[in-house]
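This report refers to the structure that appears directly beneath it.
FYI, side chains are in, hydrogens and waters are out, and symmetry mates aren't considered; it's all heavy atoms of this structure.
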Amino acid sequence: MGAGIALSFAVNGSQVVVLERDTQSVDAAQARLTDIAQKAVAKDPAAPAIDVLLARLVVSEDYGLLGAADLVVEAVPEDFEVKVATLRSIEERIDEHTAIATNTSSLSVTKLAAELSHPARFLGLHFFNPVPASTLIEVVIGEATDESLVSSAREWTESLRKTPVVVQDAPGFASSRLGVALALEAMRMLEEGVASAEDIDAAMVLGYRHATGPLRTTDLVGLDVRLGIAEYLASTLGERFEPPQILREKVAAGELGRKSGKGFFNYS
């Protein structure tokens with residue numbers, strides 16, 4: 001997600017710093033960015049030449065490079081304590097007028113903001129995977145988010161040639177709450193033997209014109225990620241979001257979706 005977010009800003013003219021935790025991660029991120037940048041240049045008529053695009057992307061482990069940023073987007077794993085530690089590290093090193101956004105897909109923006117010294121300059125920018133191809137960004141407003149920042153977020157989203165959907169902070173926001181509800185029901189249907197994974201997905205693709213079915217989308221997102229979101233939603237919204245046993249079993253078996261080669265479908 002971080003690489004995709006960075007690339008989207010760079011393709012559309014921004015100078016971008018990508019921060020990683022150590023030298024090994026910097027090398028891996030640089031290779032990943034080069035790979036997806038080459039694909040972007042080949043697919044996106046608006047993308048600049050590859051040398052121009054890569055010149056806009058700096059990968060480093062030096063938080064000091066954030067000092068000149070107008071916006072910092074946090075994209076670490078969906079763990080509240082990890083996000084808080086990262087956000088505090090960011091806040092210590094930026095200008096007081098720099099905006100901070102979290103790419104969380106379910107955690108409370110208001111609760112994250114409460115851990116910061118300047119909650120008014122913090123909001124959610126929920127990007128969707130794969131970021132370069134997605135046309136949506138969910139702008140999530142926390143209780144303390146400054147109104148002018150919401151206007152800026154709309155402008156940033158549109159500058160990336162994407163559409164902003166603005167929602168108030170609530171468990172799962174709009175997209176994750178609806179998307180996970182559909183996916184969990186599809187899993188229960190598979191668990192109960194109602195239909196195969198292929199046919200359940202085909203029903204939504206052909207019958208409701210979804211781009212992909214809920215099970216294949218879960219494979220793309222990551223079953224471990226979906227499990228974490230479902231557990232959080234179950235704890236805040238009730239048992240209707242309780243993860244089905246089939247999801248827990250697949251995660252325990254390491255069947256995490258596309259990234260592991262197998263989820264509800266086989267990618268090996």
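- The residues Asp224 and Lys259 are annotated as salt-bridged, a charged nitrogen and a carboxylate oxygen being separated by less than 4.0 angstrom.
- When only modelled atom types and interatomic distance are considered, Asn129 and Ser134 share no side-chain donor-acceptor pair under 3.5 Å.
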* To do: Kindly determine whether Glu61 and Arg21 satisfy salt bridge (Lys or Arg N to Asp or Glu O under 4.0 Å), including the steps that lead there.
  => CA-CA 6 Å; Glu61 55 184 309; Arg21 62 183 176 274; over 6 Å; no
* Could you walk me through whether Arg188 and Glu191 pass the salt bridge (Lys or Arg N to Asp or Glu O under 4.0 Å) check? -> CA-CA 5 Å; Arg188 294 186 189 102; Glu191 202 170 47; over 6 Å; no
Under 3.5 Å, which donor-acceptor pairs do the side chains of residues 230-237 form with other protein atoms, sequence neighbours left out?
{"unit_1": "Glu231", "atom_1": "OE2", "unit_2": "Arg248", "atom_2": "NH1", "d": "2.8"}
{"unit_1": "Ser235", "atom_1": "OG", "unit_2": "Tyr232", "atom_2": "O", "d": "2.6"}
{"unit_1": "Thr236", "atom_1": "OG1", "unit_2": "Tyr232", "atom_2": "O", "d": "3.0"}
{"unit_1": "Thr236", "atom_1": "OG1", "unit_2": "Leu233", "atom_2": "O", "d": "3.3"}

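- Between Phe128 and His126, the ring planes lie tilted relative to each other; the angle falls in the 30° to 60° range.
- Atom CE of Met189 is separated from atom OG of Ser196 by 10.0 Å, given to the nearest 0.5 angstrom.
- A cation-pi arrangement is absent between Lys111 and Phe80 under the rule of less than 6.0 angstrom and at most 45 degrees off the ring axis.
- Across Glu91, Glu96, Glu147, a single residue satisfies salt bridge (Lys or Arg N to Asp or Glu O under 4.0 Å) together with Arg121, and that is Glu91.
- Checked for salt-bridge contact, Asp44 and Arg161 meet the test: a charged N lies under 4.0 Å from a carboxylate O.
- For Arg216 and Phe265, the positive end sits near the middle of the six-membered ring, less than 6.0 Å away and at most 45° from its axis.
- Annotation: the span from Phe264 atom CZ to Leu190 atom CG amounts to 6.5 Å, rounded to 0.5 Å.
- Using a 4.0 Å cut-off between charged side-chain N and carboxylate O, Lys83 and Glu78 make a salt bridge.
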